[in-house]
*Asks:* 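Input: one structure, supplied below.
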Amino acid sequence: MATGNAAATPRDNWGSKLGFVMAAAGSAVGLGNIWKFPYTAGENGGGAFVLIYLAFVIVIGFSVMLTEFAIGRHTSRAAVGSFKTTDRRWSFVGIIGVLSGLLIMGFYPVVGGWALAYIPKVATGLLDNPQDIGESFGGFISNPTQPLLWMAAYFILNIVIVSKGISGGIEKAGKILMPLLFLILVVVAVKGLSLPGASAGLEFLFKPDFSKVDSHVVLAALGQAFFSLSLGMGCMITYGSYLKKKENLVQTTGMVVGMDTAVALLAGIAMFPAMFAFNMEPAAGPGLVFVVVPQLFAEMGHIGLLFALMFFIGLTVAALTSSVSLLEVVVSYLIDEKGMKRVNAVLSASAVMAVMCIFASLSLGGIGPKLFDTGVFDIFDLLTDKVFLAVGGMLICIFAGWRLNRVDLEKEITNNGKIAFPLFGLWYNLVKYVIPVAVAVVACAGIISGFESGKGAIMVLAIAIIGCSALISKKL
Ligand code: PFF
């Protein structure tokens with residue numbers, strides 16, 4: 001991510017269009033697509049969830065990403081600065097984004113650490129006993145120390161990348177490894193589809209059964225769309241602030257949304273047929289990718305070992321290109337708004353995040369505090385993708401629709417009339433009216449239905465945190 005001091009002008013611009021698209025796609029494509037999407041689809045009944053998710057991606061995700069890019073390029077500022085320079089009263093939206101980044105980084109590196117750990121695990125014989133792969137994963141994540149060491153190693157990689165200011169190296173690695181990961185997913189999908197009984201998996205994933213849909217499923221689909229596309233916390237505003245004035249924002253948005261969605265669907269196609277063939281539960285939870293993929297590769301002999309290694313290297317890099325963008329949102333806030341030096345900003349943000357990750361990781365082994373019977377890992381996950389990102393996205397839309405000027409937005413998106421965007425009116429009305437109302441309705445209904453499981457109370461807590469941060473940030 002070519003983010004430096006966001007308050008500094010003139011800003012660096014992305015060298016090439018492809019460079020920008022790959023960097024933004026690097027933030028979007030990550031654990032959200034390959035780890036989270038399949039198990040969330042599994043837990044929420046499959047086909048109907050996938051259909052609702054796709055509808056949200058196309059209508060809401062696309063519009064919000066275009067809005068974030070337009071705000072970023074228009075103001076040439078990172079998340080908080082872009083609101084602050086327009087109207088100080090709106091700074092709280094940026095602050096909420098920073099808080100979201102902090103919370104996501106309270107559990108994301110735990111899973112990044114698992115991906116990293118699976119590289120040596122695969123290399124040292126994990127695939128030799130396919131029947132033990134499931135148990136080995138359960139034992140690993142509930143072990144109090146092992147996952148912490150891997151999380152620390154993963155965190156150090158993030159710190160090194162972000163302290164250097166620009167993550168050129170990781171982006172180059174991403175440019176090679178992400179297409180490779182995509183190809184490996186294709187191999188996994190083809191192998192999975194060839195197993196007997198696999199077609200039931202495809203049916204589960206693509207044949208909607210609307211009797212399984214309730215307001216919680218709809219909120220899960222909305223949250224997944226925001227999380228997967230890196231929306232609702234100003235990350236894409238920061239990326240947009242580095243976009244050249246001549247680039248086509250609509251086309252760029254289409255490419256990033258398209259790539260992200262393709263990877264998520266492919267991960268689903270790679271996972272579900274195999275799961276059904278292996279007689280596994282679709283609602284197997286967060287271990288899905290770490291159990292199904294090694295089992296599939298175990299069936300493929302030596303070449304399977306090589307593919308499995310490349311898969312977990314690719315997954316780690318995909319996770320890294322996302323988590324550095326999360327860390328950067330918090331770091332650029334500390335640099336721009338608090339005047340900290342980059343290294344100090346990285347170290348202090350990371351220290352807080354690492355402590356959160358320790359609690360998150362331990363909670364998977366049943367250790368540590370619980371709130372309404374929910375462990376820390378699940379609380380962070382619930383707070384961010386079910387509430388923070390959606391509410392953040394809604395506020396970003398309200399800001400664009402009601403605070404910014406329609407003519408300015410049209411000029412920004414059409415490059416002063418040089419690029420045709422016949423759907424501008426539709427996009428504008430979606431952003432101004434439809435998305436804020438839709439997100440509010442989905443979030444409220446999801447929160448109310450969440451009360452049955454105690455999760456509603458945690459989500460209300462999130463709303464309270466958002467409210468408090470709005471009030472506090474007014475005083476900052
Ligand atoms: N989109 C990332 C993923 O799918 O793994 C996660 C993420 C990155 C969310 C950056 C939000 C963000 F700002």
Side-chain angles (χ1 to χ4, degrees), residues 1 3 22-41 53 56-57 61 64-65 67-69 72 78-80 82 93-94 96-115 154 158 161-162 167 170 174 178 181-182 185 221-241 256-257 259-268 286 289 314-333 349 353 380-381 383-393 396:
M1 185 176 183
T3 45
M22 289 307 281
S27 165
V29 175
L31 296 170
N33 308 58
I34 298 164
W35 163 72
K36 201 172 200 311
F37 173 75
Y39 88 77
T40 309
Y53 162 78
F56 282 151
V57 165
V64 176
M65 191 178 289
T67 310
E68 290 203 21
F69 282 157
V80 177
S82 64
V93 181
I96 290 169
V98 173
L99 272 179
S100 308
L102 197 69
L103 282 172
I104 298 178
M105 283 301 276
F107 70 93
Y108 203 93
V110 174
V111 186
W114 299 349
Y154 179 85
N158 280 273
I161 295 166
V162 178
S167 42
I170 189 74
M178 301 242 302
L181 184 66
F182 193 81
L185 277 175
L222 183 70
Q224 178 62 30
F226 274 102
F227 186 86
S228 186
L229 293 166
S230 302
L231 296 177
M233 50 167 280
C235 184
M236 292 301 180
I237 294 182
T238 313
Y239 276 97
S241 69
V256 178
V257 171
M259 281 192 216
D260 187 72
T261 311
V263 175
L265 289 178
L266 190 57
V289 62
L315 186 62
T316 308
V317 172
L320 273 173
T321 53
S322 299
S323 55
V324 293
S325 74
L326 284 158
L327 181 54
E328 180 66 38
V329 169
V330 183
V331 166
S332 54
Y333 164 73
M353 291 163 179
F380 290 161
D381 177 38
L383 289 182
T384 46
D385 93 345
K386 300 266 171 17
V387 183
F388 266 74
L389 297 184
V391 172
I396 288 170

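Just follow the structure's listing: the first ligand is 1, and inside any ligand the first atom is 1. If you read the sequence from its start, that first residue is 1, and numbering goes on from there. Predicted model, so just to flag it, every value in this text is computed and none were measured.
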*Asks:* Can a salt bridge be assigned to the pair K386 and D381 using a cut-off of 4.0 Å between side-chain N and carboxylate O?
*Replies:*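 Salt bridge: no.
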*Asks:* I would like to know whether V317 and L181 meet side chain to side chain contact (heavy atoms under 4.5 Å, CB included); could you show each step before the answer?
*Replies:* CA-CA 9 Å; V317 172; L181 184 66; over 6 Å; no
*Asks:* So, do Y53 and F37 have ring centers that fall under 6.0 Å from each other?
*Replies:*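 Close enough - the centres of the two rings lie under 6.0 Å apart.
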*Asks:* Quick one: does W35 get a heavy atom under 4.0 Å from ligand 1?
*Replies:*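 The answer is no, since W35 has no heavy atom less than 4.0 Å from ligand 1.
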*Asks:* Any atoms of ligand 1 less than 4.0 Å from a non-hydrogen atom of L31? List them with their elements.
*Replies:*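 So the answer, numbered in order with elements, is 5 (O).
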*Asks:* Looking at S325, which atoms of ligand 1 are within less than 4.0 Å of one of its heavy atoms?
*Replies:*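 Close to S325: 10 (C).
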*Asks:* Hey, does V64 have a side-chain heavy atom less than 4.5 Å from the side chain of L229?
*Replies:*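 Contact flag for L229/V64 side chains = no.
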*Asks:* Judged by modelled atom types alone, do Y239 and S230 share a side-chain donor-acceptor pair under 3.5 Å?
*Replies:*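 No - no donor-acceptor pair under 3.5 Å links their side chains.
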*Asks:* Find all atoms of ligand 1 within a distance of less than 4.0 Å from any non-hydrogen atom belonging to M233, and give their numbers and elements.
*Replies:*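 What qualifies from ligand 1 is 11 (C), 12 (C), 13 (F).
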*Asks:* Are any of the N or O atoms of I104 closer than 3.5 Å to those of ligand 1?
*Replies:*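 Between I104 and ligand 1 (N or O atoms, distance only) the closest approach is not under 3.5 Å.
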*Asks:* Which protein heavy atom lies closest to atom 5 (O) of ligand 1, and at what distance to 0.1 Å?
*Replies:*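 Ranking protein heavy atoms by distance from atom 5 (O) of ligand 1, first comes Y108 OH, 2.5 Å.
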*Asks:* Please check whether C235 reaches ligand 1 - meaning an N/O of the residue sits under 3.5 Å from an N/O of the ligand, judged on distance alone.
*Replies:*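 No - when backbone and side-chain N and O of C235 are compared with those of ligand 1, no distance drops under 3.5 Å.
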*Asks:* Going by the closest heavy atom to atom 4 (O) of ligand 1, which one wins out of G112, A79, A28?
*Replies:*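 Selected option, by shortest heavy-atom distance: A28.
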*Asks:* Does the D260 side chain pair with the main chain of V257, one donor and one acceptor, at a distance under 3.5 Å?
*Replies:*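 Between the backbone of V257 and the side chain of D260 there is no qualifying donor-acceptor contact (under 3.5 Å).
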*Asks:* Donor-acceptor pair, distance only, cut-off 3.5 Å: does the side chain of S322 make one with the backbone of G26?
*Replies:*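 Indeed, once roles are kept as given, a pair shorter than 3.5 Å links the two residues.
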*Asks:* Among protein heavy atoms, which sits nearest to atom 8 (C) of ligand 1, and what does the distance come to when rounded to 0.1 Å?
*Replies:*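 Going atom by atom, the protein heavy atom closest to atom 8 (C) of ligand 1 ends up being S230 OG, 3.2 Å.
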*Asks:* Which of the atoms in ligand 1, numbered in the order shown and given with their element, are less than 4.0 Å from a heavy-atom of N33?
*Replies:*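 Taking each heavy atom of N33 in turn, ligand 1 has 4 (O) under 4.0 Å.
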*Asks:* Classify the side-chain pair T384/S100 by whether it contains a donor and acceptor separated by less than 3.5 Å.
*Replies:*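 No - no donor-acceptor pair under 3.5 Å links their side chains.
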*Asks:* Going by heavy-atom distance to atom 2 (C) of ligand 1, choose the closest among S27, G26, G32.
*Replies:*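 Among S27, G26, G32, the closest heavy atom to atom 2 (C) of ligand 1 comes from S27.
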*Asks:* Could you walk me through whether E68 and T238 satisfy the side chain to side chain contact (heavy atoms under 4.5 Å, CB included) test, starting with their C-alpha distance in whole Å, then the side-chain angles of each, then the deciding distance to 0.1 Å, before giving a yes or no?
*Replies:* CA-CA 8 Å; E68 290 203 21; T238 313; over 6 Å; no
*Asks:* Can you sort out which atoms of ligand 1 are near G30, meaning under 4.0 Å from one of its heavy atoms?
*Replies:*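 Heavy-atom distances to G30 below 4.0 Å select 3 (C), 4 (O), 5 (O).
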*Asks:* I need the nearest protein heavy-atom contact for atom 9 (C) of ligand 1: residue, atom name and distance, please.
*Replies:*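 Checked against all protein heavy atoms, atom 9 (C) of ligand 1 sits closest to F227 O, 3.4 Å.
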